[in-house]
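Numbering of ligands and ligand atoms starts at 1, following listing order.
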Amino acid sequence: MNVLVTGGAGYIGSHTCVAAFAAGHEITVYDNFSNSSPEALERVARIAGKRPRLVEGDIGDRAAVHALLASEKFDAVIHFAGFKAVGESVSKPWEYYNNNVSGTLVLLDEMRRAGLRNMIFSSSATVYGNPDPKNLPLREDAPLSALNPYGQTKLWLEEIMRAMAAADPAWHILLLRYFNPVGAHESGLMGEDPAGIPNNLMPYITQVAVGRLPMLTIFGDDYPTPDGTCIRDYIHVCDLAEGHVAALDKVASLPGCTAVNLGSGNGISVAQLVASFEKAIGRPLPRKVGPRRPGDAAACWADPSRALELLGWKTRRDCDAMCRDAWRWQSMNPNGYRKA
Ligand code: NAD
Ligand code: UDP
């Protein structure tokens with residue numbers, strides 16, 4: 001298929017480009033590099049032996065999106081472009097609503113004007129809000145809620161696309177709800193490269209391990225979980241990338257708008273992830289236990305059975321692989337994509 005990948009230079013997008021090339025697809029990346037580096041696409045080319053076509057631009061720039069969709073015929077869009085930092089969304093709500101919601105509305109409108117109605121959208125487990133433990137593992141029909149502007153953008157975009165698909169049966173939309181993507185390409189050439197101090201656990205751990213940060217703080221060990229630390233469903237980014245390839249294969253045969261969890265189905269605690277990482281690097285990590293982080297759910301993991309049923313996809317890589325590959329990336333690239 002000829003695929004347009006918005007945000008294709010980002011963390012998940014770059015890994016998806018590699019997986020999509022491996023499956024024989026053609027790729028055009030549309031990215032404004034607001035949270036990524038062109039170097040990521042150089043790495044895609046090194047791994048895949050093929051370079052995605054790059055069009056630099058913003059999804060909110062209607063004229064540019066129109067020109068792009070008029071320039072060639074795409075079979076599907078994988079839409080990663082958007083802002084994703086929960087904390088930043090609280091301090092910059094307008095920027096989040098504008099970039100994620102307004103930008104996606106422009107893209108959706110230009111897609112339908114171009115007669116392109118196969119859409120694979122990056123949603124998130126954040127749409128489940130702070131899940132009631134009785135709903136674990138989370139199925140796609142679990143109650144939805146937003147805890148912050150970032151989560152609100154995903155929830156609204158899901159609702160908008162659901163309504164558009166209900167009104168126009170030509171749409172085929174997959175709302176892929178990612179759980180906690182971590183890890184890196186096994187070559188060590190591509191990985192997560194957050195700007196500033198990481199908010200998420202795995203990049204924080206890898207930056208402590210490489211000496212960029214002094215110490216990991218575990219946010220709370222008094223949760224009602226077996227070891228007292230929070231439980232999440234970590235998913236290797238290469239499994240996630242392959243989930244998008246599976247979605248490409250199926251999107252045209254799934255009419256309407258369908259939400260699908262992309263997770264492993266396994267809950268892993270913070271303490272377990274840290275122990276796995278320490279095993280991968282062969283030494284203990286400087287760490288301490290601190291207070292709970294406000295707003296954190298005690299536990300959240302997926303029921304991934306719909307992904308298997310509809311997309312024929314499930315995760316293949318375990319927690320040890322996630323840690324090993326995250327460490328390989330960070331140790332080979334201590335400053336991420338920036339030159340030392
Ligand atoms: P990322 O920031 O690494 O990638 C996003 C890419 O989109 C970047 O390359 C950025 O430059 C680009 N971009 C942002 N706004 C743009 C715009 N207006 N026009 C064009 N390009 C733009 O993030 P990621 O981790 O790869 O996440 C990709 C998608 O998946 C996001 O929509 C995110 O909300 C969603 N998601 C991520 C996670 C996660 O933990 N990483 C979890 C659930 C959902
Ligand atoms: N976490 C932690 N220390 C950190 C960052 C995160 O203990 O420096 C914990 C956090 O409290 C949560 C888990 O790690 O329980 C996953 O956090 P992350 O931000 O990566 O994902 P999310 O909470 O959005 O699922």
Task: Test item: side-chain donor near acceptor, Arg53 and Asn2, under 3.5 Å - done: no
Task: Residues in the immediate environment of ligand 1 (any heavy atom closer than 4.0 angstrom) - done: Gly7, Ala9, Gly10, Tyr11, Ile12, Asp31, Asn32, Phe33, Ser34, Asn35, Ser36, Gly57, Asp58, Ile59, Phe80, Ala81, Gly82, Lys84, Asn99, Ser122, Ser123, Ser124, Tyr150, Lys154, Tyr178, Pro181
Open item on the list: Quick check against the 3.5 Å criterion: does Thr229 have a side-chain atom that pairs as donor or acceptor with the backbone of Ala271?
Closed with: yes
Open item on the list: Contact between Val44 and Lys50 at the side-chain level, heavy atoms closer than 4.5 Å - yes or no?
Closed with: no
Open item on the list: For Asn32 and Asp58, which I'm curious about, is there any donor-acceptor pair between the side chains at under 3.5 Å?
Closed with: yes
TODO: Name the option, out of Lys84, Arg287, Arg293, Arg292, that contains the heavy atom nearest to atom 19 (O) of ligand 2.
DONE: Arg293
TODO: May I ask you to decide whether Asp221 forms a salt bridge with Arg292, counting only side-chain N to carboxylate O separations under 4.0 Å?
DONE: no
Task: Mode of Val270 contact toward ligand 2 - side chain, backbone, both, neither (heavy atoms, under 4.0 Å) - done: side chain
TODO: Using heavy-atom distances, let me know which of Asp296, Asn180, Asp233, Thr229 sits nearest atom 11 (O) of ligand 2.
DONE: Asp296
- [ ] Could you pull out, from Leu201, Ile218, Thr217, the option with a heavy atom nearest to atom 14 (O) of ligand 2?
- [x] Leu201
Open item on the list: As an exercise, identify every atom of ligand 2 less than 4.0 angstrom from a heavy atom of Asn199.
Closed with: 5 (C), 19 (O)
Task: Closest protein heavy atom (residue, atom, distance) for atom 13 (C) of ligand 2 - done: Tyr234 OH, 3.7 Å
Task: Nearest option to atom 25 (O) of ligand 2, as decided by whichever heavy atom of Met215, Met202, Gln207, Arg232 sits closest - done: Arg232
Open item on the list: Within the structure provided, determine whether Leu175 and Val260 are in side-chain contact (heavy-atom separation under 4.5 Å).
Closed with: no
Task: Minimum side-chain heavy-atom gap Cys319-Tyr234 below 4.5 Å - done: no
Open item on the list: Just to check, does Tyr150 reach to within less than 4.0 Å of ligand 2 when the distance is taken from its heavy atoms?
Closed with: no
- [ ] May I ask which of Asn200, Leu213, Val274, Ile268 has a heavy atom nearer to atom 18 (P) of ligand 2 than the others do?
- [x] Asn200
Open item on the list: Out of Cys230, Gly87, Ala271, Gly295, who is nearest to atom 15 (O) of ligand 2 when you count heavy atoms only?
Closed with: Cys230
- [ ] Enter the distance from Cys238:SG to Ile12:CD1 here, rounded to the nearest 0.5 Å.
- [x] 11.5 Å
TODO: Check whether the ring centres of Phe83 and Trp94 lie less than 6.0 Å apart, and answer yes or no.
DONE: no
Task: Distance from atom 7 (O) of ligand 2 to nearest protein heavy atom, with residue and atom - done: Phe219 N, 2.8 Å
Task: Ile59 CD1 to His79 NE2 distance, which is reported to the nearest 0.5 Å - done: 4.0 Å
- [ ] Verify the distance criterion only: is there a donor paired with an acceptor across the side chains of Tyr128 and Arg177 at less than 3.5 Å?
- [x] yes
